[in-house]
S.K.: 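My structure is below; once you've seen it, I'll send some questions.
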Amino acid sequence: MKKVVVAMSGGVDSSVAAALLKRQGYDCVGVFMQLHESCSSSDATDAKYVANQLNIPFHTLNFQHDFDRIIDYFVREYNAGRTPNPCIRCNKHLKFGKLSRYAQTIDADFIATGHYARTATVNGQTHLLRGLDLSKDQSYVLFGVPREKLPRILLPIGTMEKKDVRAVAKELGLPVFDKPDSQEICFVPDNDYVQLIIRKSPESIKPGELVDATGKMIGTHPGHQHFTIGQRKGLGIAFGYPIYVTAIDAKSNRVTLGQKEELLRKRLIAREVNWLKNDAAGPREPVRVRAKVRYNSKPTTATAVMTGPDELTVILDEAVSAITPGQAVVCYEETTERLIGGAWIDSVNA
């Protein structure tokens, strides 16, 4: 019997993932990762209750010290004028890093999560695919998982739709069957991430200038960390027509505002490349892909190629709005749902 460590968050997705694996005959061990002080005690209680109901062992692992690196990264990125994605970092370093090493210590064969994504093995190589329910697909946040880890990953709900996951949970009598999905960054439960930055680095937030595309000062702001590319609300200034954040310069503490068309870009450079197909160093020759430039965007056709050491250039066929440094660009095969690589957006060009 194969042993699998199931990351159980207390939500319906990971609970059903554990239930399905138990039903399939796996020797399941449920694990709740205590990541930070804001971790809801009710989530841990729910995870333990579900594990007891499924009659599988359950452990809580304290990863707070390791998770501090994720929070430090989050603060550091905003201070640098970028918009971070902590979930991707957490998946790579903790779920499929620290937790994977724990799984090895108990001789587990696999790690399982409740992500809406799939794996498939073809000719001895394991591929990462988009979830069958494309409206819930979470493969984007898994792009950073090293290719050698893919054969040891199970994603049992990746072939299901959300409504079916809830139906299974209800059928099994799991109390989390109607538990709402979390809509917040887990360590910023009130969504006020600026207060977190103030607590962590109070000296970094200073008033600065709001400028237009020509560099002309048109107002002031309380700190560039309050803004992200494409932001429209909360700018503290009115023009009588829609206006957006089009650029953030952390060094000068300037935030540039402009109209919607000024957000359109076709070319980006990304770093920290993780390529899952063929050469792990990334495509040395241009390759056609479908690229996602943020979690909730639709893939758009593009060309990707390595243009330097750890430098992936992606040229989109059509301009996309609000491509944001600090987010990830994730590439899929042009004609399939296979995720073939990704990297962190460093700069954007017209």
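Note that the coordinates shown come from a computational prediction; the quantities given were computed from them, not determined experimentally.
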S.K.: Between Asn253 (side chain) and Pro207 (backbone), is there a donor-acceptor pair under 3.5 Å?
M.R.: yes
S.K.: Look only at the side chain of Asp212 and the backbone of Lys216, and say whether a donor-acceptor pair between them is shorter than 3.5 Å.
M.R.: yes
S.K.: Within the structure provided, determine whether Ile157 and Lys136 are in side-chain contact (heavy-atom separation under 4.5 Å).
M.R.: no
S.K.: Side chains of Lys2 and Gln24: closer than 4.5 Å at any heavy-atom pair?
M.R.: no
S.K.: Please step through side-chain contact (heavy atoms from CB on, under 4.5 Å) for the pair Cys90 and Leu35, ending with a clear verdict.
M.R.: CA-CA 10 Å; Cys90 181; Leu35 300 178; 4.2 Å; yes
S.K.: Would you check if Leu196 and Arg199 make a side-chain contact, meaning some heavy-atom pair closer than 4.5 Å?
M.R.: yes
S.K.: Assess the residue pair Tyr140 and Ile88 against the criterion (side-chain contact (heavy atoms from CB on, under 4.5 Å)); give the C-alpha distance rounded to whole Å, side-chain angles, the decisive distance to 0.1 Å, and a yes or no.
M.R.: CA-CA 8 Å; Tyr140 176 91; Ile88 298 176; 3.8 Å; yes
S.K.: Report the C-alpha distance between Asp43 and Lys179 in whole Å, list the side-chain angles of each, state the deciding distance to 0.1 Å, and finish with yes or no for side-chain contact (heavy atoms from CB on, under 4.5 Å).
M.R.: CA-CA 10 Å; Asp43 288 338; Lys179 187 174 181 177; 2.7 Å; yes
S.K.: Hydrophobic clustering (ILVMFWY, side-chain heavy atoms < 4.5 Å, transitive) - are Val348 and Ile269 grouped together?
M.R.: no
S.K.: How many angstroms lie between CG in Leu276 and SG in Cys331, if you round to the nearest 0.5 Å?
M.R.: 10.5 Å
S.K.: If we only count heavy atoms from C-beta on, is the Arg290 to Thr301 side-chain gap below 4.5 Å?
M.R.: yes
S.K.: Would you compute the distance between atom CG of Asn274 and atom CG of Asp310 and round it to the nearest 0.5 angstrom?
M.R.: 10.5 Å
S.K.: Please name the pair of heavy atoms, one in Pro286 and one in Thr303, separated by the smallest distance, quoted to 0.1 Å.
M.R.: CB-CG2, 3.6 Å
S.K.: For the salt bridge (charged side-chain N to carboxylate O under 4.0 Å, His left out) test, which of Arg89, Lys200, Arg82 pairs with Glu77?
M.R.: Arg82
S.K.: Quick check on Glu148: does its CD atom have over 12 non-hydrogen neighbours (other residues, nucleotides or ligands) under 6.0 Å away?
M.R.: yes
S.K.: I want to check something: taking the side chain as every heavy atom from C-beta on, are Thr60 and Lys48 in contact at a cut-off of under 4.5 Å?
M.R.: no
S.K.: With a cut-off of 6.0 Å (strictly less than), are more than 12 heavy atoms of other residues, nucleotides or ligands near CG of Asn55?
M.R.: no
S.K.: If you look at every heavy atom in Ala18 and Cys28, which pair is closest and at what distance?
M.R.: O-SG, 4.1 Å
S.K.: Between Gln225 and Asn79, does a side chain to side chain donor-acceptor pair (under 3.5 Å) hold up when you go through it step by step?
M.R.: CA-CA 6 Å; Gln225 295 89 341; Asn79 284 339; 2.8 Å; yes
S.K.: Looking at OG of Ser100 and NZ of Lys149, how far apart are the two atoms once the value is rounded to the nearest 0.5 Å?
M.R.: 4.0 Å
S.K.: State whether the side chain of Asn85 and the backbone N or O of Ala328 hold a donor-acceptor pair below 3.5 Å, judged by distance alone.
M.R.: no
S.K.: State the CZ-CD distance between Phe177 and Glu171, to the nearest 0.5 angstrom.
M.R.: 12.5 Å
S.K.: Please report the shortest heavy-atom distance between Gly230 and Ala322, naming the atom on each side.
M.R.: CA-CB, 4.0 Å
S.K.: What is the minimum heavy-atom distance between Leu54 and Ser15, and which atoms define it?
M.R.: CD1-O, 4.2 Å
S.K.: Check whether NZ of the Lys or CZ of the Arg Lys292 lies under 6.0 Å from the centre of the six-membered ring of Tyr295 and within 45 degrees of that ring's axis.
M.R.: yes
S.K.: Answer with yes or no whether the hydrophobic clustering places Leu21 together with Leu172; edges join I, L, V, M, F, W, Y residues whose side-chain heavy atoms lie under 4.5 Å apart.
M.R.: yes
S.K.: Are any side-chain N or O atoms of Asp109 and backbone N or O atoms of Lys3, one a donor and one an acceptor, separated by less than 3.5 Å?
M.R.: yes
S.K.: Parallel, tilted or perpendicular: which describes the rings of Phe67 and Phe187, with under 30° parallel and over 60° perpendicular?
M.R.: perpendicular
S.K.: Rounded at 0.5 Å granularity, tell me how far NE2 in His115 sits from CG in Leu142.
M.R.: 5.0 Å
S.K.: Compare every heavy atom of Val165 with every heavy atom of Tyr116, then report the nearest pair and how far apart it is.
M.R.: OH-CG2, 3.4 Å
S.K.: Examine Phe110 and Val16 and state if one hydrophobic cluster contains both, with Ile, Leu, Val, Met, Phe, Trp and Tyr joined whenever side-chain heavy atoms are less than 4.5 Å apart.
M.R.: yes
S.K.: In the single-linkage hydrophobic clustering (I, L, V, M, F, W, Y; side-chain heavy atoms under 4.5 Å), do Leu129 and Phe96 co-cluster?
M.R.: no
S.K.: Ignoring hydrogens, what is the shortest heavy-atom contact between Tyr332 and Leu339? Give both atom names and the distance.
M.R.: CD2-CA, 3.7 Å
S.K.: Is the shortest heavy-atom distance from the side chain of Gln327 to the side chain of Thr83 under 4.5 Å?
M.R.: yes
S.K.: Test side-chain contact (heavy atoms from CB on, under 4.5 Å) on Thr313 and Arg267; report intermediate values, then the result.
M.R.: CA-CA 7 Å; Thr313 295; Arg267 184 186 183 98; 3.9 Å; yes
S.K.: Which label fits Phe74 and Tyr193: parallel for a plane angle under 30°, tilted from 30 to 60°, or perpendicular past 60°?
M.R.: perpendicular
S.K.: Is a side-chain donor or acceptor of Asp27 paired with a backbone partner of Met1 at a separation under 3.5 angstrom?
M.R.: no
S.K.: Taking side chain as C-beta onward, heavy atoms only, is His221 less than 4.5 Å from Glu209?
M.R.: no
S.K.: Look only at the side chain of Asp133 and the backbone of Met160, and say whether a donor-acceptor pair between them is shorter than 3.5 Å.
M.R.: no
S.K.: Side chains of Val6 and Tyr26: does their closest heavy-atom pair fall under 4.5 Å?
M.R.: no
S.K.: Counting only N and O atoms by type, is there a donor-acceptor contact under 3.5 Å from the side chain of Gln125 to the main-chain atoms of Val122?
M.R.: no
S.K.: Connecting only ILVMFWY residues whose side-chain heavy atoms lie within less than 4.5 Å of each other, what is the rest of Leu210's hydrophobic cluster?
M.R.: Ile218, Phe227, Ile229, Leu235, Ile237, Phe239, Tyr241, Ile243, Tyr244, Val245, Ile248, Val255, Leu257, Leu263
S.K.: Could you tell me whether Asn296 atom CG has more than 12 heavy atoms of other residues or ligands within 6.0 Å of it?
M.R.: yes
S.K.: Check Lys162 with Asp13, please: is the shortest side-chain N to carboxylate O separation under 4.0 Å?
M.R.: yes
S.K.: How far does OG1 of Thr159 sit from CZ of Arg118, to the nearest 0.5 angstrom?
M.R.: 8.0 Å
S.K.: Out of curiosity, does Val29 fall in the hydrophobic cluster containing Tyr49 (side-chain heavy atoms, cut-off under 4.5 Å, transitive links)?
M.R.: no
S.K.: If only side-chain N and O atoms count, and only distance matters, is there a donor-acceptor pair under 3.5 Å linking Ser9 with Ser14?
M.R.: yes
S.K.: So does Glu318 have more than 12 non-hydrogen atoms from other groups sitting under 6.0 Å from CD?
M.R.: no
S.K.: Quick one: does any side-chain atom of Lys98 pair with a main-chain N or O of Asp66 as donor and acceptor, under 3.5 Å?
M.R.: no
